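Have a look at the structure below before the remarks.
From a predicted model like this one, the values you see are computed outputs, not experimental measurements.
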2 protein chains.
Amino acid sequence: MIKNSEFIEKLRISGLRPTKQRLKICEVLFNREKTFHFTINDLAKIISDRLSEKISLATIYNTVHAFKNKGYLKEISINSDKSYFDTNTTDHHHFFDEDNSELIDCDKDNIDPINIKKNITGKKINSIEVLIKVASDNQTQN
Amino acid sequence: MIKNSEFIEKLRISGLRPTKQRLKICEVLFNREKTFHFTINDLAKIISDRLSEKISLATIYNTVHAFKNKGYLKEISINSDKSYFDTNTTDHHHFFDEDNSELIDCDKDNIDPINIKKNITGKKINSIEVLIKVASDNQTQN
DNA sequence: AAACTATATTATAATTATTCTAAACTGTTG
DNA sequence: CAACAGTTTAGAATAATTATAATATAGTTT
């Protein structure tokens with residue numbers, strides 16, 4: 001259970017003003033045992049369910065992007081119509097369960113280190129992401 | 001240089017009626033030396049530049065999805081606001097050049113085979129995709 | 001090849017995700 | 001506690017995609 005004062009401190013350090021909206025969003029995102037995968041829509045729904053006062057959707061977008069830019073959230077590459085974010089910002093990969101569109105962490109040591117033998121000339125590798133798409137074993141194939 | 005009659009045959013076999021729109025789209029997509037990465041918008045632009053008659057955007061969407069469902073195109077996972085497709089449907093990976101949002105094939109033998117040690121229970125692995133995000137070496141970091 | 005039927009195309013409207021805007025508001029600093 | 005800069009907000013704007021419903025076309029049957 002993280003205290004509000006800790007969030008305030010974190011935000012200050014990052015140069016983000018600790019507004020009450022940002023603090024509520026911090027509570028929702030970071031007061032958890034496990035890492036949390038979400039879309040903006042998921043987050044907006046949780047907030048509107050849990051809170052008496054509303055937070056505008058634009059603010060949720062702004063805040064999530066601010067947190068991402070400061071490195072507190074990671075954006076995950078899935079081919080989809082929406083963006084997924086992850087509170088686990090360490091270097092790791094993902095399973096994507098196609099049955100319910102759910103993202104699941106894939107421990108780094110579940111996959112041997114990925115070594116790119118030849119990179120594009122003149123470019124620097126910013127990230128290497130592995131996405132393992134899975135679905136029910138008994139599912140009919142299309 | 002693939003002949004129209006071959007496209008007609010391919011479409012027939014797949015249970016797709018070889019309409020003139022679909023044949024034009026086949027020409028644009030599959031009469032190429034190298035594999036082709038594109039968004040719907042890219043494709044629509046090429047078609048409207050190259051053709052005298054227009055093909056409706058809805059038809060382009062329908063056709064691309066039909067081709068994808070028949071396995072002639074692959075959809076690629078990039079976190080982005082639009083979908084990318086690939087005429088190379090073999091098992092391979094991608095570089096994504098963040099400088100110009102360009103997708104580049106990554107030869108399969110450029111990365112050692114990826115072995116998932118522990119899979120999610122009760123699920124079957126449908127695909128494993130690696131996305132290597134790169135950018136100019138001299139780029140300022142954000 | 002005319003008629004028929006199923007499928008495809010089209011323009012347009014609808015939907016969904018996201019960003020922009022401009023006004024009102026609120027933390028922070030002096 | 002006043003002033004300023006950074007934030008929030010509702011709503012408009014944009015962009016990608018999907019749905020709709022009328023029209024057109026391909027393949028098949030006569």
Could you tell me if the side chain of [Y] sits less than 4.5 Å from the side chain of [X], heavy atoms only?
X: A:I25; Y: A:F30; value: no
X: B:L131; Y: B:F95; value: no
X: B:V28; Y: B:F38; value: no

Looking only at side chains, do [X] and [Y] share a donor and an acceptor under 3.5 Å apart?
X: B:T59; Y: B:Q21; value: no
X: A:H93; Y: A:N110; value: no
X: A:S77; Y: B:K133; value: yes
X: B:H94; Y: B:D86; value: yes

Can you measure from NZ (A:K45) to CD1 (A:I40) and round to the nearest 0.5 angstrom?
13.5 Å
To the nearest 0.5 angstrom, please state how far the CZ atom of A:F96 sits from the SG atom of A:C106.
15.0 Å
Scoring nucleotides 24-30 of chain C by protein non-hydrogen atoms under 4.0 Å (B base, S sugar-phosphate only, - none) yields --BBS--
In whole Å, I'd like the distance from the [atom1] atom of [X] to the [atom2] atom of [N].
X: A:E53; N: D:dA10; atom1: CD; atom2: P; answer: 12 Å
X: A:D81; N: C:dA17; atom1: CG; atom2: P; answer: 6 Å
X: B:K45; N: D:dA16; atom1: NZ; atom2: C1'; answer: 14 Å
X: B:I55; N: C:dA8; atom1: CD1; atom2: C1'; answer: 12 Å
X: B:D42; N: D:dT17; atom1: CG; atom2: C1'; answer: 15 Å
X: B:I47; N: C:dT10; atom1: CD1; atom2: C1'; answer: 14 Å
X: B:K24; N: C:dT9; atom1: NZ; atom2: P; answer: 14 Å
X: B:K82; N: D:dT14; atom1: NZ; atom2: P; answer: 16 Å

Counting Watson-Crick and G-U wobble pairs whose two distances are both under 3.5 Å, find the runs of 3 or more in a row that involve DNA chain C.
C:1-30 with D:1-30
When you check the gap from the basic side-chain N to the acidic O, do A:E27 and A:R50 get nearer than 4.0 Å?
no
Is the number of heavy atoms from other residues, nucleotides or ligands under 6.0 Å of B:K117 NZ greater than 12?
yes
Map B:E75 and A:S56 onto DNA chain D by nearest heavy atom, then report which one ends up closer to the 5' terminus.
A:S56
Please list each protein N or O that sits under 3.5 Å from an N or O in nucleotides 19-23 of chain C, with the distance.
none

Using OP1 and OP2 only, check whether a side-chain N or O of B:S83 sits under 4.0 Å from D:dT17.
yes
